[in-house]
Protein chains: 2
Amino acid sequence: MRLPLKTEYACQVLAQLASTFASGQVRQVEELAAAEHLSPNYLVQILTTLRQAGLVISRRGKNGGYLLARHPDDITLAEIAMALEGGALIESSPGNGGKSAERVRHAWVRVNEAMLQSCGGITLTELIPPLQTQDGADWVI
Amino acid sequence: MRLPLKTEYACQVLAQLASTFASGQVRQVEELAAAEHLSPNYLVQILTTLRQAGLVISRRGKNGGYLLARHPDDITLAEIAMALEGGALIESSPGNGGKSAERVRHAWVRVNEAMLQSCGGITLTELIPPLQTQDGADWVI
DNA sequence: TTAAAGTTGCGTCGTTTACTAAGGTATTGT
DNA sequence: ACAATACCTTAGTAAACGACGCAACTTTAA
């Protein structure tokens, strides 16, 4: 099971927003994309989803940008992942009518619940990246 | 994150094998496929993977078939899923060099460990399907 | 009013998944 | 020994999904 890039990107950009949450300033897509090495065009779609889920607030027009909707301590991996993917973290199939299909499905539902529990224990605060260097440049070997 | 059908099928067929483990008799692909509503050709590939992982034993030739390698109490969801997928249940991407990529990756590694823990607590015994009816027919509405 | 910035929807290309098919190989009953 | 039986392996494929790119639209500060 591969964790979707979209979810990973969402965590990264939210961590980035968390790092400047105290300032109350908005951050623009271009800058966020540069900091996390993401495609701006794709990042926009992710941020839109996060806004619809109530995790970020956007301001349009000139000097617009994005802002975390709540304190980083109050946003968990569980919320982030649930915002991106639909109803469940681990989604099992509708079932094929096999004799043990129902039991198997139920077992994975339990696993999903356990996973939600553990994801609910990891907050954005733990994801805040190490202190940024003063020069804005990144080093690539 | 969708649970791969392959993994779900593996659980189903292992549950089926668990239900007759006590008898010591082998079960044939055609019969297993019928009981779990799976494609025999596809099921063979899954069973081969499970055999390579040491979860089932196969006997070739006439009167051949498959048998659970260990007691159902001793086989967990974690082992099954790890046998099908590669190194981890939740596999995060290589990382894109973003400022918070490393932290995010590490967080999901922790989630993966928690998930392994919870999957390790569910055994095949819990997946054994309800008692089979004597007539071999299935009912579809 | 104009330029900057978010919003939305569509299109596309590459990868993965789920499955089919066909030929090969090992056992066993006779 | 032989042939029937059942597992083994690999190649191929069609559909679905993921990860974007692009373009037209809307909102808002200056």
Side-chain angles (χ1 to χ4, degrees), chain A residues 1-13 17 25-34 36-69 81 84-86 91-96 98 101, chain B residues 1-13 17 25-34 36-53 55-69 81 84-86 90-96 98 101:
Chain A
M1 261 185 301
R2 201 171 104 272
L3 179 73
L5 278 178
K6 208 171 197 173
T7 302
E8 200 162 344
Y9 293 166
C11 294
Q12 289 184 230
V13 73
L17 287 174
Q25 301 294 316
V26 297
R27 309 270 302 271
Q28 301 189 348
V29 170
E30 292 288 340
E31 184 240 340
L32 290 169
E36 294 298 334
H37 290 177
L38 302 175
S39 147
N41 276 324
Y42 193 32
L43 185 54
V44 159
Q45 300 176 32
I46 296 173
L47 282 165
T48 298
T49 302
L50 292 174
R51 178 180 54 80
Q52 290 165 347
L55 292 179
V56 301
I57 292 171
S58 72
R59 211 158 62 202
R60 299 174 72 155
K62 208 165 184 177
N63 297 330
Y66 292 90
L67 194 66
L68 220 54
L84 273 284
E85 333 203 353
E91 191 175 4
S92 62
S93 323
N96 59 357
Chain B
M1 259 184 305
R2 202 172 101 269
L3 180 73
L5 278 177
K6 206 172 196 172
T7 303
E8 199 162 344
Y9 293 166
C11 293
Q12 289 185 232
V13 71
L17 287 174
Q25 301 294 316
V26 297
R27 310 271 301 271
Q28 303 191 347
V29 170
E30 291 289 340
E31 183 240 338
L32 290 169
E36 294 299 335
H37 292 178
L38 303 174
S39 147
N41 275 326
Y42 193 31
L43 185 54
V44 161
Q45 300 176 31
I46 296 173
L47 283 165
T48 297
T49 302
L50 292 174
R51 178 179 52 81
Q52 289 165 348
L55 292 178
V56 302
I57 292 170
S58 71
R59 211 157 63 202
R60 298 175 72 155
K62 208 165 185 177
N63 296 330
Y66 292 91
L67 194 66
L68 221 53
L84 273 284
E85 335 205 350
I90 305 282
E91 190 175 5
S92 62
S93 323
N96 59 357

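Letters A, B, ... mirror the listed sequences (proteins, then strands); counts begin at 1.
Closest-nucleotide positions on DNA chain D for B:Tyr66 and A:Lys6 were compared, and the one nearer the 5' end corresponds to B:Tyr66.
Checking C:dT7, C:dA18, D:dC8 against the side-chain heavy atoms of A:Thr48 singles out C:dT7 as nearest.
An OP1 or OP2 oxygen of C:dA18 is reached within less than 4.0 angstrom by no side-chain nitrogen or oxygen of B:Tyr9. Of the side-chain N and O atoms in A:Ser58, none sit less than 4.0 angstrom from OP1 or OP2 of C:dA5.
What separates CG of A:Leu32 from C1' of C:dA5 is a distance of 13 Å, to the nearest Å. Distance B:Leu43 CG to C:dA18 P: 14 Å, rounded to the nearest Å. As rounded to whole Å, 17 Å separates atom P of D:dA15 from atom CG of B:Leu5. Atom CZ of A:Arg51 and atom C1' of C:dT7 are 7 Å apart (whole Å). D:dG18 atom P lies 8 Å from atom CZ of B:Arg2, rounded to whole Å. With rounding to whole Å, A:Arg27 atom CZ is found 16 Å from C:dG6 atom C1'. Atom-to-atom, CD of B:Gln28 to C1' of C:dT28 comes out at 13 Å; the value is rounded to the nearest Å. Per the geometry, CD belonging to A:Glu85 stands 10 Å off P belonging to D:dA19, to the nearest Å.
Contact record, A:Asn96 with B:Tyr9: ND2-CE2, 3.8 Å, taken as the closest heavy-atom pair. Of all heavy-atom pairs between A:Ala33 and A:Ser39, the closest is CB-C, 4.5 Å. For the residue pair A:Glu36 and B:Ala101, the shortest heavy atom distance occurs at OE1-N, 3.9 Å.
In this view, A:Ser93 and B:Glu8 satisfy the side chain to side chain donor-acceptor pair (under 3.5 Å) rule, not counting sequence neighbours.
Residue contacts for B:Val44: at a heavy-atom cut-off of 4.0 Å it reaches a base atom on one of the strands shown.
Taken to the nearest 0.5 Å, the CG atom of A:Leu84 stands 10.5 Å off from the CE atom of B:Met1. Taken from CG in B:Leu17 to CG in B:Leu50, the straight-line distance is 9.0 Å, to the nearest 0.5 Å. Here B:Glu30 contributes atom CD and B:Leu43 contributes atom CG; the two are 9.5 Å apart, rounded to the nearest 0.5 Å.
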Treating primed atoms plus P, OP1 and OP2 as sugar-phosphate and everything else as base, which nucleotides of nucleotides 21-30 of chain D get B, S or - for protein heavy atoms under 4.0 Å? BB---BBBSS
